[in-house]
2 protein chains.
Amino acid sequence: MNDEELDLIFKALGDATRRRILDLLQERSERSLFEICASFVAADGKSLSRQTISQHLDMLERAGLITTSWKGRTKTHSLNVAPMQMATNQWLKKYL
Amino acid sequence: MNDEELDLIFKALGDATRRRILDLLQERSERSLFEICASFVAADGKSLSRQTISQHLDMLERAGLITTSWKGRTKTHSLNVAPMQMATNQWLKKYL
DNA sequence: TTGACATGCAGGCATTTTACTGCATTTCAT
DNA sequence: ATGAAATGCAGTAAAATGCCTGCATGTCAA
C-alpha cells in the first residue's frame, strides 16, 4: 500500500455520490450501471446522467473499491472493502 | 457530520503531502509553517514552496484536521484527530 | 526605529475533476 | 436479421487543485 494507492482510495471516498454508490452496493452487490442510476432517482429524484455515474464507477474501480464482471451485455459491480481496511490498518489506524 | 464535512475530510486525506503533514504533527504538535517546511527538506530534500505548504495547511484546517493559534508572529499548527474519528465512526466503520 | 522574520494575499498556469451531449459498439430477443 | 438494450468512447466546458512568483502586512529584536 503506497502513497498512490492511498491517494486513490481517499480521493474516491471524498465525494458524496461515490460514498452513496458504495452504500448501495453494500446493501446488495452485483448491480448494473442502470440499476445504480435507477436507485439514485428512486432515492431523491436528483438524477445524474448515466455517463457521470459511469465515471464515478471507473474511479471507484481504479481505487479497488469495486470489482466488475460481465454477464452477457450487462456489467455488474460489487463492493470490495479490502482497500478501506488496508488504508485504515496501514495509515489511518494510528489516529483512531 | 454531513456530506460536506466528510468530503472535506476525505479529500484532505487524499494527498500524500497532507498525510505527511499530519504524521509530522502527530510526532510533535505546535509547529510553525517554517518548521514544517524545514522538516520536508530534512526528510528527503524534495522541498515544496512555503506558499504551497501553507495552502495544504489551509485545506487541513478547513477539514478540521489541524487547529492553529498565534504566538507573537508565528502561527502554530496542531493535530486534531476528532474529524478522522468521527468520519470513521459515522461512515467508514460499517466497512471495517 | 529600523531591519529581519513569519505569514498572508493576489494572481498565473497547467492539470484534474465533475458534469454534460452525441455517437459507436456489443449482445440479446423477437 | 433486425431492433432494442447496456455499456463504452470522444469531446466539451466549468470549477477545483497544486504548484509557483511577487508583493504586502504585522511583529519582534537590536
Side-chain angles (χ1 to χ4, degrees), chain A residues 3-22 24-25 29-42 44-63 65-78, chain B residues 3-22 24-25 29-42 44-63 65-78:
Chain A
D3 275 346
E4 285 103 48
E5 294 176 86
L6 283 174
D7 281 5
L8 286 176
I9 294 164
F10 284 123
K11 276 181 188 164
L13 299 183
D15 180 282
T17 299
R18 288 192 289 268
R19 289 196 302 276
R20 235 177 100 185
I21 291 173
L22 294 177
L24 268 177
L25 292 178
S29 265
E30 304 263 315
R31 300 217 203 201
S32 74
L33 171 56
F34 266 21
E35 286 179 279
I36 293 167
C37 292
S39 299
F40 268 70
V41 180
D44 56 10
K46 263 175 59 181
S47 67
L48 294 171
S49 79
R50 175 180 65 81
Q51 290 81 353
T52 296
I53 303 276
S54 179
Q55 284 173 342
H56 283 304
L57 290 171
D58 284 345
M59 195 165 303
L60 288 168
E61 190 174 8
R62 276 197 300 276
L65 291 164
I66 63 175
T67 58
T68 61
S69 75
W70 284 92
K71 304 247 158 77
R73 64 183 158 183
T74 74
K75 187 184 191 180
T76 64
H77 306 77
S78 297
Chain B
D3 274 346
E4 285 104 46
E5 293 176 87
L6 283 174
D7 282 5
L8 286 176
I9 294 164
F10 283 123
K11 277 179 187 164
L13 299 183
D15 180 282
T17 299
R18 288 192 290 269
R19 288 195 303 276
R20 236 177 101 185
I21 292 173
L22 294 176
L24 268 177
L25 293 178
S29 264
E30 303 263 317
R31 298 216 203 202
S32 74
L33 170 57
F34 266 21
E35 285 180 279
I36 293 168
C37 291
S39 299
F40 268 70
V41 180
D44 56 8
K46 264 176 59 181
S47 67
L48 293 171
S49 78
R50 175 179 65 81
Q51 289 81 354
T52 298
I53 303 277
S54 179
Q55 284 171 344
H56 283 305
L57 290 171
D58 284 345
M59 196 166 303
L60 288 168
E61 190 174 9
R62 277 197 299 277
L65 290 164
I66 62 175
T67 58
T68 61
S69 75
W70 284 92
K71 304 246 159 76
R73 66 184 157 182
T74 75
K75 188 184 190 181
T76 64
H77 305 77
S78 297

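Labels below follow one simple rule: chain letters A, B, ... track the order of the sequence lines, proteins then strands, and each chain is numbered from 1.
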Asker: Calculate the interatomic distance between B:Lys11 atom NZ and D:dG18 atom C1'; express it in whole Å.
Answerer: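 One finds 15 Å between C1' of D:dG18 and NZ of B:Lys11, rounded.
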Asker: Measure from CG on B:Asp15 to C1' on C:dT15 and round the result to the nearest Å.
Answerer: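 Rounded to the whole Å, the gap is 14 Å.
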Asker: Output a table of nitrogen or oxygen pairs between the protein and nucleotides 3-9 of chain C separated by less than 3.5 Å.
Answerer:
unit_1	atom_1	unit_2	atom_2	d
C:dC5	O2	B:Arg73	NH1	3.4
C:dT7	OP1	B:Leu33	N	3.1
C:dT7	OP1	B:Lys75	O	3.4
C:dT7	OP2	B:Phe34	N	3.0
C:dG8	OP1	B:Lys75	NZ	2.7
C:dG8	N7	B:Arg50	NH1	3.4
C:dG8	O6	B:Arg50	NH2	3.0

Asker: Whole Å only: how far is the CG atom of A:Asp7 from the C1' atom of C:dT15?
Answerer: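 Value for this atom pair: 15 Å.
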Asker: Please report, rounded to the nearest Å, how far the C1' atom of D:dA16 is from the CE atom of B:Met59.
Answerer: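 These atoms are roughly 9 Å apart.
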Asker: In whole angstroms, how far is the C1' atom of C:dA19 from the CG atom of A:Leu57?
Answerer: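 Distance, rounded to whole Å: 15 Å.
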Asker: Report yes if at least one side-chain N or O of A:His56 is closer than 4.0 Å to OP1 or OP2 of C:dT17; otherwise report no.
Answerer: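 False: A:His56 side-chain N/O out of range (4.0 Å or more) of C:dT17 OP1/OP2.
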Asker: Give, for atom OG1 of B:Thr52 and atom CG of B:Leu57, the distance between the pair rounded to the nearest 0.5 Å.
Answerer: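 Output value for this atom pair is 11.0 Å.
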Asker: Pick the closest DNA chain C nucleotide for A:Gly14 and for A:Lys71 by heavy atoms, then say which residue is nearer the 5' end.
Answerer: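 This one resolves to A:Gly14.
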Asker: Between atom CD1 of A:Ile21 and atom CD1 of A:Ile66, what is the distance when rounded to the nearest 0.5 Å?
Answerer: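 Interatomic distance, A:Ile21 CD1 to A:Ile66 CD1, rounded to 0.5 Å: 7.5 Å.
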Asker: Sequence neighbours left out, what passes salt bridge (charged side-chain N to carboxylate O under 4.0 Å, His left out) with A:Arg20? Give chain and number order.
Answerer: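 Testing A:Arg20 for salt bridge (charged side-chain N to carboxylate O under 4.0 Å, His left out), a comparison that skips the adjacent residues, returns A:Asp44.
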Asker: Using only atom types and a distance under 3.5 Å, with no angle test, would you say the side chain of A:Arg19 pairs donor to acceptor with the backbone of B:Asp3?
Answerer: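 Here the side-chain-to-backbone pair exists.
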Asker: Nearest 0.5 Å, what's the CG-OG1 distance between B:Leu33 and B:Thr76?
Answerer: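 One gets 11.5 Å once the value is rounded to the nearest 0.5 Å.
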Asker: Whole angstroms only, please: what is the CD1-C1' distance between B:Ile53 and D:dT17?
Answerer: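 About 15 Å, once rounded to whole Å.
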Asker: CG of B:Leu8 versus P of C:dT17: gap in Å, rounded?
Answerer: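 Atom CG in B:Leu8 sits about 17 Å away from atom P in C:dT17.
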Asker: Round to a whole Å and report the spacing from CD of B:Gln55 to C1' of C:dT15.
Answerer: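 The answer, rounded to whole Å, is 15 Å.
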Asker: Evaluate the criterion side chain to side chain contact (heavy atoms under 4.5 Å, CB included) for residue pair B:Phe40 and B:Thr17; output intermediate values, then yes/no.
Answerer: CA-CA 9 Å; B:Phe40 268 70; B:Thr17 299; 3.9 Å; yes
Asker: For the backbone of B:His77 and the side chain of B:Arg31, can you confirm whether one donor and one acceptor N or O come within less than 3.5 Å of each other?
Answerer: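 Absent.
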Asker: Hey, does the side chain of A:Thr52 come within less than 4.0 Å of C:dT18's phosphate (OP1/OP2), counting only N and O?
Answerer: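 A:Thr52 to C:dT18 OP1/OP2: no side-chain N or O under 4.0 Å.
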Asker: Starting at the 5' end of DNA chain C and moving along, which residue's nearest nucleotide shows up first, A:Gly72 or A:Ser49?
Answerer: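 Closer to the 5' end of DNA chain C: A:Ser49.
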